[in-house]
Amino acid sequence: MRIDLVTIFPAYFDALELSLLGKARDRGLLDVRVHDLRDAAHDRHRTVDDTPAGGGAGMVMKPEPWGEMLDGILGAPDAGPDPLIIFPSPAGEVFTQRMARELAHESHLIFGCGRYEGPDQRIFDEYAERGRIRLVSIGDYVLNGGEVASIAMIEAIGRLLPGVVGNPESLVEESHEEDGLLEYPSYTKPAEWRGRAVPPVLLSGNHAAIAAWRREQSLERTRRVRPDLLPPEPGDGASDSPSMA
Ligand code: SAM
């Protein structure tokens, strides 16, 4: 997978040289390219922001540097056939494991990292008309910029690419995976630490009992922490709601 990142703080993405994603890059599974948006700002101060039209607080990212930068990436001979531009935004659709799985099938992603109040709206309009863009939020809170949000998404997407995580089975039994539940608690050695014992069932060697215990723990944790993730009970369907009657 090819990933281009447009930012005014390229150093944030040094983190993508570490750990599993760093190894994936070394092995050619991920091709990450970081672009400094200021390279497309041609005044003496390499300005990328200006005051908001209509007045008000904050600054807005100017469209010209974004246009030049994105045109350069999209028009390069080695660009993917149908790249998807992702603009991290607290006003976007919410990023989920399901979206990560979907995006892991893309061959070329471009992340446009906003700062200040974000890019001028005409950037979104222009590239939505010319190709594919998505505004994506990593949660209902506001960050200072799109860099950390992009790293979070790239890590979630990147670890789903074939060959990135050594044992693909470890991807299956995770929170938000197949059954949509939160993962059960994990333990390792020693069997007792500071008077706290590993649950005896995990040391029993009885695989059916272990699987049943883990399932129950997953359900209990999901009920307690994220009841919104539980599958609907029979009779909870929309057809039972008075508005559908
Ligand atoms: N004025 C914008 C709003 O209220 O929607 C917030 C701008 S925020 C200070 C600057 C940049 O941080 C955004 O352009 C976006 O790239 C990024 N950002 C902030 N919160 C985010 C979130 N929850 N998810 C994804 N990106 C976020």
Side-chain angles (χ1 to χ4, degrees), residues 1-16 21 30 32-41 45-74 83-104 106 108-160 175-176 225-226 228-229:
M1 173 184 278
R2 155 108 177 252
I3 294 181
D4 287 83
L5 292 142
V6 181
T7 174
I8 58 170
F9 292 115
Y12 266 97
F13 298 108
D14 291 354
L16 296 178
L21 293 191
L30 255 189
V32 178
R33 307 181 193 189
V34 182
H35 308 265
D36 187 341
L37 183 66
R38 290 193 195 280
D39 290 346
H45 301 291
R46 307 174 82 206
T47 310
V48 294
D49 61 316
D50 208 335
T51 52
M59 299 294 273
V60 176
M61 298 189 97
K62 291 159 65 65
E64 303 94 323
W66 275 108
E68 182 178 318
M69 185 58 80
L70 291 174
D71 286 352
I73 296 169
L74 294 168
L84 172 65
I85 306 179
I86 296 177
F87 283 101
S89 164
E93 50 183 324
V94 177
F95 187 71
T96 59
Q97 186 66 17
R98 179 190 293 261
M99 195 191 293
R101 279 198 299 269
E102 194 189 313
L103 295 176
E106 296 283 344
H108 186 182
L109 297 175
I110 301 168
F111 286 84
C113 303
R115 282 271 152 180
Y116 317 105
E117 297 305 322
D120 184 302
Q121 176 64 33
R122 289 169 291 180
I123 285 299
F124 307 136
D125 298 342
E126 165 88 2
Y127 291 96
E129 210 171 279
R130 286 174 42 184
R132 296 188 300 141
I133 84 163
R134 282 172 92 160
L135 269 59
V136 183
S137 166
I138 62 159
D140 292 342
Y141 42 79
V142 179
L143 304 166
N144 287 333
E147 290 77 9
V148 169
S150 296
I151 291 173
M153 289 188 257
I154 290 167
E155 186 151 317
I157 298 163
R159 67 197 298 278
L160 298 176
S175 300
H176 308 294
V225 182
R226 292 290 306 277
D228 55 303
L229 296 178

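Every number for a ligand or one of its atoms is a count from 1 in the order of the listing.
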Taking only Lys NZ, Arg NE, NH1 and NH2, and the carboxylate oxygens of Asp or Glu, determine whether Arg38 and Asp36 approach each other closer than 4.0 Å.
-> no

Among all protein heavy atoms, pick out the one at the shortest distance from atom 16 (O) of ligand 1; state its residue, atom name and that distance to 0.1 Å.
-> Pro88 O, 2.9 Å

Return yes or no for this condition: an N or O of Ala149 is under 3.5 Å from an N or O of ligand 1.
-> no

In this structure, atom 1 (N) of ligand 1 is nearest to the protein heavy atom Glu117 OE1, 2.7 Å

What distance separates Tyr127 OH from Leu74 CG, expressed to the nearest 0.5 Å?
-> 6.5 Å

Nearest protein heavy atom with distance in Å, relative to atom 5 (O) of ligand 1 | Pro90 CG, 3.4 Å

Per-atom filter on ligand 1: closer than 4.0 angstrom to a heavy atom of Gly114 are 11 (C), 14 (O), 16 (O)

Heteroatom distance test (Tyr141, ligand 1): nitrogen or oxygen, under 3.5 angstrom = yes

If you measure every N/O of Gly139 against every N/O of ligand 1, is any gap under 3.5 Å?
-> yes

Between Cys113 and ligand 1, does any nitrogen or oxygen pair lie at a separation below 3.5 Å?
-> no

Give the residue and atom name of whichever protein heavy atom lies nearest to atom 20 (N) of ligand 1, and the separation in Å to one decimal.
-> Leu143 N, 2.9 Å

Give a yes/no on ligand 1: does Asp140 have at least one heavy atom closer than 4.0 angstrom to it?
-> no

Residue, atom name and distance, where the atom is the protein heavy atom closest to atom 26 (N) of ligand 1 = Ser89 N, 3.2 Å

Tell me: protein heavy atom nearest atom 24 (N) of ligand 1, and distance?
-> Ile138 N, 3.0 Å

Would you call Tyr116 a ligand 1 contact, heavy-atom distance under 4.0 Å?
-> yes

Would you say the side-chain atoms of Tyr141 pair up with the backbone N or O of Pro90, donor to acceptor, closer than 3.5 Å?
-> no

So how far is it from Leu21 CG to Leu30 CG, rounded to the nearest 0.5 Å?
-> 6.0 Å

